[in-house]
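Report on one structure; see the data block that follows.
In what follows, every heavy atom counts, from backbone to side chain, and hydrogens, waters and symmetry copies are set aside. By convention in this document, chain letters (A, B, ...) are assigned in the order of the sequence lines, proteins followed by strands, and residues within each chain are numbered from 1.
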Protein chains: 2
Amino acid sequence: MWETRRIKFCRACGAEARYAIPADDNRERATCTVCSTIHYENPLNVVGTLPVWEDRVLLCKRAIEPRYGLWTLPAGFMELGETTEQGAMRETLEEAGARVELQGLYTLLNVVRIGQVHIFYRARLLDLDLDPGTESLEARLFTEAEIPWDELAFRTVRETLKHYFADRREGRFGLHVGDIG
Amino acid sequence: MWETRRIKFCRACGAEARYAIPADDNRERATCTVCSTIHYENPLNVVGTLPVWEDRVLLCKRAIEPRYGLWTLPAGFMELGETTEQGAMRETLEEAGARVELQGLYTLLNVVRIGQVHIFYRARLLDLDLDPGTESLEARLFTEAEIPWDELAFRTVRETLKHYFADRREGRFGLHVGDIG
């Protein structure tokens, strides 16, 4: 759950911040009681890939919380200084040691409850030299029959994989936009 | 330009924060010198619509900085508690008083220089009862020939409009993903 009212002090001057509705606004924002700086809180993007090699897809077993030991597509928070595409490729390299070529935006899934937007790209693995980083216990390829559906870390990963296998049967990969309740 | 090193004090305890690379990370983050809270800074989403009525599109003349007096598609920062779609419709209502039905994700444009991702949906205006809010001087409909190309507020608005008119000539509206340098 995204936490409201989590800003207690001003990042600019260190004085106490209080939640109030600024002039020309309609929502409560943390506002500094001394320097009047307004601190906005907004959703974050999680960017990742669905890396494919022939009939198999790459998953990583998480070595960190949350969801330690469960399987995920490589993904993580988008950083300043990069595009969604660059972030997705960076996370793929960091979590799986995998180099990919992106094949288009594939899913954009709102996870309102936690204030996140998950954005996945289809990707083609350039080789099989995997090297899971410190965030992954393991990185390996799965056929559709092998996917550990009961051990997936996130609903957006499940959703993205389900779309992929359905689209693959249809022979046509469209963009999927949706919301995770 | 997104500002690095802009967090000087901890939002949780008010003590001084300093930029350092946390363990298990590879980037400098503002870290509290007392309670060790790490403060992440990430890109923000701007969500909006391209509202259409017959052969015309809706633009709003900005009543606020930046780009006071220039024309924009209705758009603004995505808020916690909403989806990208809900945010796009909210901004359309707030800036133009316009009610729309969304017709699909249309552009996703990275603006790395300022740490933003701009996301536009194609939309159908439900009626012509416009009522520009406090952020707009005016809201009105433009044919392609009437678009004030030299008075547009943002490059992502220009890009989205250019795609729209090109796609309309082709009779086919695809998703456009791109980067604004």
Worksheet item: Tell me, do B/Y121 and A/V177 make a side-chain contact under 4.5 Å, heavy atoms counted?
Response: yes

Worksheet, complete the sentence: For B/P43 and A/M78 the tightest heavy-atom approach is CD-O, 3.3 Å

Fill in: Heavy-atom check, side chain of A/D24 versus side chain of B/E135, under 4.5 Å
no

Worksheet item: Who wins among B/C13, B/C10, B/A30 for the most heavy-atom pairs under 4.5 Å with chain A?
Response: B/C13

Worksheet item: Is there a donor in the side chain of A/N110 and an acceptor in the side chain of B/Q86, or the other way round, less than 3.5 Å apart?
Response: no

Discussion item. Please say yes or no: joined through hydrophobic side-chain contacts below 4.5 Å, possibly via intermediate residues, are A/I119 and A/I180 part of one cluster?
Written reply: no

Fill in: Part of B/A17 lying under 4.5 Å from any heavy atom of chain A
neither

Worksheet item: Cluster question for you: counting only ILVMFWY and a side-chain heavy-atom cut-off of under 4.5 Å, with indirect links fine, are B/L137 and B/L130 together?
Response: no

Discussion item. What part of A/L108 gets within 4.5 angstrom of chain B, counting heavy atoms only: side chain, backbone, both, or neither?
Written reply: side chain

Discussion item. Please identify, among B/E85, B/H39, B/E16, the residue contributing the most non-hydrogen atom pairs under 4.5 Å to chain A.
Written reply: B/E85

Worksheet item: In the single-linkage hydrophobic clustering (I, L, V, M, F, W, Y; side-chain heavy atoms under 4.5 Å), do B/W71 and B/L161 co-cluster?
Response: yes

Discussion item. Need one label for B/T84: side chain, backbone, both or neither, based on atoms under 4.5 Å from any heavy atom in chain A.
Written reply: both

Discussion item. What verdict does the salt bridge (Lys or Arg N to Asp or Glu O under 4.0 Å) test give for A/R29 and B/E79, after you've listed the backbone C-alpha separation in whole Å, the side-chain angles of each residue and the deciding distance to 0.1 Å?
Written reply: CA-CA 11 Å; A/R29 315 281 183 185; B/E79 299 277 5; 2.6 Å; yes

Worksheet item: Between CD of B/E41 and CG of A/L44, what distance do you get to the nearest 0.5 Å?
Response: 11.5 Å

Discussion item. Taking B/W149 as the starting point, is it possible to reach B/F154 by hopping between hydrophobic residues whose side chains are less than 4.5 Å apart?
Written reply: yes

Discussion item. I need the residue from B/A15, B/G14, B/G87 with the largest number of non-hydrogen atom pairs under 4.5 Å to chain A.
Written reply: B/G14

Discussion item. Tell me whether A/W53 shares a hydrophobic cluster with A/Y164, the cluster being built from Ile, Leu, Val, Met, Phe, Trp, Tyr side chains joined at under 4.5 Å.
Written reply: no

Fill in: B/N42 and A/N45 side chains, donor-acceptor separation under 3.5 Å
no

Discussion item. Taking atom CZ as the centre, does B/R140 end up with more than 12 heavy-atom neighbours from other residues, nucleotides or ligands that are less than 6.0 angstrom away?
Written reply: yes

